[in-house]
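Report on the structure given below.
Below, chains carry the letters A, B, ... as their sequence lines are ordered, and counting in each starts from 1.
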There are 2 protein chains.
Amino acid sequence: MKERALRMTRQRKLILEEMRRVKRHLSADEVYAIVRKRLPRISLGTVYRNLEILSELGEIRKLEYSGSVMRFDWNPENHYHIRCMQCGRIDDAPIPPLVDIEREVRGVTDYQINGHHFEFVGLCPSCSEKSTDYMADKLRKLI
Amino acid sequence: MKERALRMTRQRKLILEEMRRVKRHLSADEVYAIVRKRLPRISLGTVYRNLEILSELGEIRKLEYSGSVMRFDWNPENHYHIRCMQCGRIDDAPIPPLVDIEREVRGVTDYQINGHHFEFVGLCPSCSEKSTDYMADKLRKLI
DNA sequence: CTACATGCAAATGCTTTGCAACCTA
DNA sequence: TAGGTTGCAAAGCATTTGCATGTAG
């Protein structure tokens, strides 16, 4: 394993800037759409590569939740999220992290615990307007 | 929305049987490999379709966590999991579900809460043997 | 200068789907 | 016998990767 000498390229800088500016939980594609306005020749591959590197550096955070598309959080601080099961929108959850919960399982399990993930799932304001109770009930099974 | 008259085909029955027999958290591909021993002409598409239907019926449970492959739990009861960040193996977590936590955010958020997901991440026994502390530290960033 | 990074396009890998034939109720 | 279900193959889609070229340090 050798050290790597990372470079602050125009692309990398711009991606980080825009993530911090819009302060949303963006997918790679959304980041691509946003940075392309200022750097039209940037490629989607570059966006993916940089989002990966920036999260390894701890500048942003890759959200390890369910859902078909990967999302990235401009805020690398440890916090929970709430996800719309209909449209995939993600917001911060209004509860603090459960700091002691990992201690409860250490020793009880033969896994080496490194962390935990938590998210609420539900319907965002705009999706719950559209959904009837019946639909919500159908969807509940799929959580 | 009309009722559907589902049928218990040989394929569907076998998939459910095998899930309940092996009692592991299987991917579609693993289920495919297992049921193929008894029904060699079954197709992967059929496995996917049935896993989907069986989870809608509540017979099994689709695991909505991160990771590139979808996994299914033979046990549809509400419980948490612990996932190996190296090999993707999943086991049940030895803590009971946080029954009251959803109440904490209702009203505080404008989302309509329908549930929550929780998982521990770490290294399974066999992967933690292989990993050095350095590696585990590298990986910790990627949680 | 020299590696790391980029743009582009092709490749990958999991999952879904269209369709004709098949089978369960 | 109706219509849900299957096998097969093709399509879909997010993400990754190979490679020649570009560029930050």
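Note: CD1 (B:I42) to P (C:dC23) measures 14 Å, nearest angstrom. Distance B:L57 CG to D:dG4 P: 14 Å, rounded to the nearest Å. Rounded to whole angstrom, the span from the CG atom of B:L44 across to the C1' atom of C:dG13 amounts to 11 Å. The separation between B:L51 atom CG and C:dC14 atom P is 15 Å, rounded to whole Å. Atom pair A:I53:CD1 and C:dT6:C1' shows a separation of 11 Å (rounding to whole Å applied). The separation between A:E56 atom CD and D:dT16 atom P is 11 Å, rounded to whole Å. In this structure, CG of B:L14 is placed 11 Å from P of D:dT6, rounded to the nearest angstrom. Here the P atom of nucleotide D:dA14 and the CD atom of A:E30 are 11 Å apart, to the nearest Å.
The side chain of A:M8 approaches D:dG25 more closely than any other nucleotide in the set C:dC8, D:dG25, C:dT16. Nearest nucleotide to the side chain of A:Q11, out of C:dT6, D:dC8, C:dT2: C:dT6. Among D:dT5, C:dG7, D:dG7, the nucleotide with an atom closest to any side-chain atom of A:R49 is C:dG7. Closest contact between the side chain of A:T46 and the listed nucleotides C:dG7, C:dC14, D:dT5 involves C:dG7.
OP1 or OP2 of C:dA5 has at least one side-chain nitrogen or oxygen of A:R12 nearer than 4.0 Å. OP1 or OP2 of D:dT6 lies within a sub-4.0 Å distance of a side-chain N or O belonging to B:T9. Taking 4.0 angstrom as the limit, B:Y48 places none of its side-chain polar atoms (N or O) nearer than this to OP1 or OP2 of C:dT16. Checking the phosphate oxygens (OP1, OP2) of D:dC8, a side-chain nitrogen or oxygen of B:R41 falls inside 4.0 Å.
In this pair, A:F118 and B:H116 present their aromatic rings parallel. The plane angle is below 30°, not in the 30 to 60° band.
By the neighbour-count criterion of 12 heavy atoms within 6.0 Å, atom CZ of B:R10 is sparsely surrounded, having that number or fewer from other residues, nucleotides or ligands. Counting non-hydrogen atoms of other residues, nucleotides and ligands closer than 6.0 Å to CZ of B:R106 gives a total above 12.
Summary of the strand contacts: A:D29 and B:N50 both lie near DNA chain D, and taking for each the nucleotide with the nearest heavy atom, the more 5' one is attributed to B:N50.
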Run A:E52 and A:K62 through salt bridge (Lys or Arg N to Asp or Glu O under 4.0 Å) and show every step you take. CA-CA 8 Å; A:E52 190 63 44; A:K62 191 197 270 195; 2.9 Å; yes
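Residue A:R7 is in base contact, counting any heavy-atom pair closer than 4.0 Å across all strands shown. Counting any heavy atom pair closer than 4.0 Å across all strands shown, A:S68 reaches sugar-phosphate atoms only and no base atom.
Counting only heavy atoms from C-beta outward, the side chains of A:I82 and A:E119 never approach each other to under 4.5 Å.
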